[in-house]
Amino acid sequence: MSDATDPWLIVGLGNPGPDYAANRHNVGFMVADLLATRIGGKFKRAQKAQAQVVEGRMSPPGPASRRVILVKPMSYMNLSGGPVTALRDFYKVPTDHVVAVHDELDVDYGMLRLKLGGGDNGHNGLKSMTKAMGPDYHRVRFGIGRPPGRMQVADFVLKDFSSTERKELAFLVDRAADSVECLLAEGLERAQSAYNS
């Protein structure tokens, strides 16, 4: 069982490279980048896994601050579980102190849902993580909504956010980062009541 001194592994899910940077599927990377800025760190290549990491401390300041390792797997989405598990083991992070931040088709655009455990709902990043370490990690689900008309899901998630969506995107990524900080500082129930919409 984890305790308050255990570190947290915050995993932003996405695909590496400039071609994917603004895709809906990469919103986890966007949130991880913002959290890195907030803790004053820059992503560097991990020694122990195919990933980029930032280590630091997250609010609240003082003795209650949480040690965090922010992670962006560089393995492509469907192989995320390998790097995440390697880093979880290296940093000795309990599985219930792992948080995956990811896009979610079954939640309306910009809405958030935080939860612990559950299925992968067809999300390849979660599928890979769950296969590697079981389902008992936290998820911050960032709603991207369903594809319009007959567009295939794979095409939809690998497209950039629309111009309309981009008007609100910075605010919504900021709110998702706030929800991660709240989860660590105040626990899941408080974060759910504040951010689940």
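From a predicted model like this one, the values you see are computed outputs, not experimental measurements. Note that these values count all heavy atoms, side chains included, but never hydrogens, waters or copies made by symmetry.
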(message) Grouping I, L, V, M, F, W and Y whenever their side-chain heavy atoms are under 4.5 Å apart, do Ile144 and Leu126 come out in a common cluster?
(response) no
(message) I'd like to check Glu168 versus Phe161 (side-chain heavy atoms, cut-off strictly below 4.5 Å). Are they in contact?
(response) no
(message) Hydrogens and angles aside, do Asn121 and Asp106 bring a side-chain donor and acceptor to less than 3.5 Å of each other?
(response) yes
(request) Quick one: pull up CZ in Arg24 and CG in Asp155 and give me the separation to the nearest 0.5 Å. (result) 11.0 Å
(message) I'd like to know if Val11 and Met74 are part of one continuous hydrophobic network [Ile/Leu/Val/Met/Phe/Trp/Tyr, side-chain heavy atoms within less than 4.5 Å].
(response) no
(request) Considering only NZ, NE, NH1 and NH2 on the basic side and carboxylate oxygens on the acidic side, decide whether Asp108 and Arg113 come within less than 4.0 Å. (result) no
(request) Please determine, by modelled atom types, if Tyr91 and Glu55 share a side-chain donor-acceptor pair under 3.5 angstrom. (result) yes
(message) Whether Arg139 engages the ring of Tyr137 as a cation-pi pair (distance to the six-membered ring centre under 6.0 angstrom, angle to the ring normal within 45°) should be assessed.
(response) yes
(request) Tell me, with the steps shown, if Arg166 and Asp160 meet salt bridge (Lys or Arg N to Asp or Glu O under 4.0 Å). (result) CA-CA 9 Å; Arg166 281 198 300 273; Asp160 290 358; 5.3 Å; no
(request) Taking the side chain as every heavy atom from C-beta outward, state whether Leu13 and Met129 have any pair of such atoms under 4.5 Å apart. (result) yes
(request) Just do the side chain to side chain contact (heavy atoms under 4.5 Å, CB included) check on Asp33 and Thr37 with the steps written out, would you? (result) CA-CA 6 Å; Asp33 285 336; Thr37 302; 5.6 Å; no
(request) Classify the angle between the aromatic ring planes of His25 and His123 as parallel (below 30°), tilted (30 to 60°) or perpendicular (above 60°). (result) tilted
(request) Not counting sequence neighbours, which residues clear side chain to side chain contact (heavy atoms under 4.5 Å, CB included) with Lys131? List them please. (result) none
(message) Grouping I, L, V, M, F, W and Y whenever their side-chain heavy atoms are under 4.5 Å apart, do Tyr20 and Leu34 come out in a common cluster?
(response) yes
(request) Go through the steps to decide whether Asp96 and Asp136 satisfy the test side chain to side chain contact (heavy atoms under 4.5 Å, CB included), and finish with yes or no. (result) CA-CA 6 Å; Asp96 68 350; Asp136 300 326; 5.7 Å; no
(request) State whether Lys92 and Asp6 are salt-bridged, where the test is any N-O pair (Lys NZ or Arg NE/NH1/NH2 against Asp/Glu carboxylate O) under 4.0 Å. (result) no
(message) Please check if the number of heavy atoms outside Arg190 that lie under 6.0 Å from its CZ is greater than 12.
(response) no
(message) Would you say Phe90 ends up clustered with Val54 if hydrophobic residues are merged whenever their side chains have heavy atoms under 4.5 Å apart, either directly or through other cluster members?
(response) no
(message) Counting C-beta onward and ignoring hydrogens, is there a side-chain heavy-atom pair between Met133 and Val98 closer than 4.5 Å?
(response) yes
(request) Could you check if a side-chain atom of Leu9 sits within less than 4.5 angstrom of a side-chain atom of Val84, using non-hydrogen atoms only? (result) yes
(message) Minimum heavy-atom separation for Phe43 and Leu70, please, with both atom names.
(response) CE2-O, 3.7 Å
(message) If you compare all heavy atoms of Val157 against all heavy atoms of Asp103, which two are closest, and at what distance to 0.1 Å?
(response) CG1-OD2, 4.0 Å
(message) Is there a path of hydrophobic side-chain contacts, each under 4.5 Å between heavy atoms, that joins Val99 and Phe29?
(response) no
(request) Might you point out which heavy atoms bring Pro7 and Pro94 nearest each other, and give the distance in Å? (result) O-CD, 4.2 Å
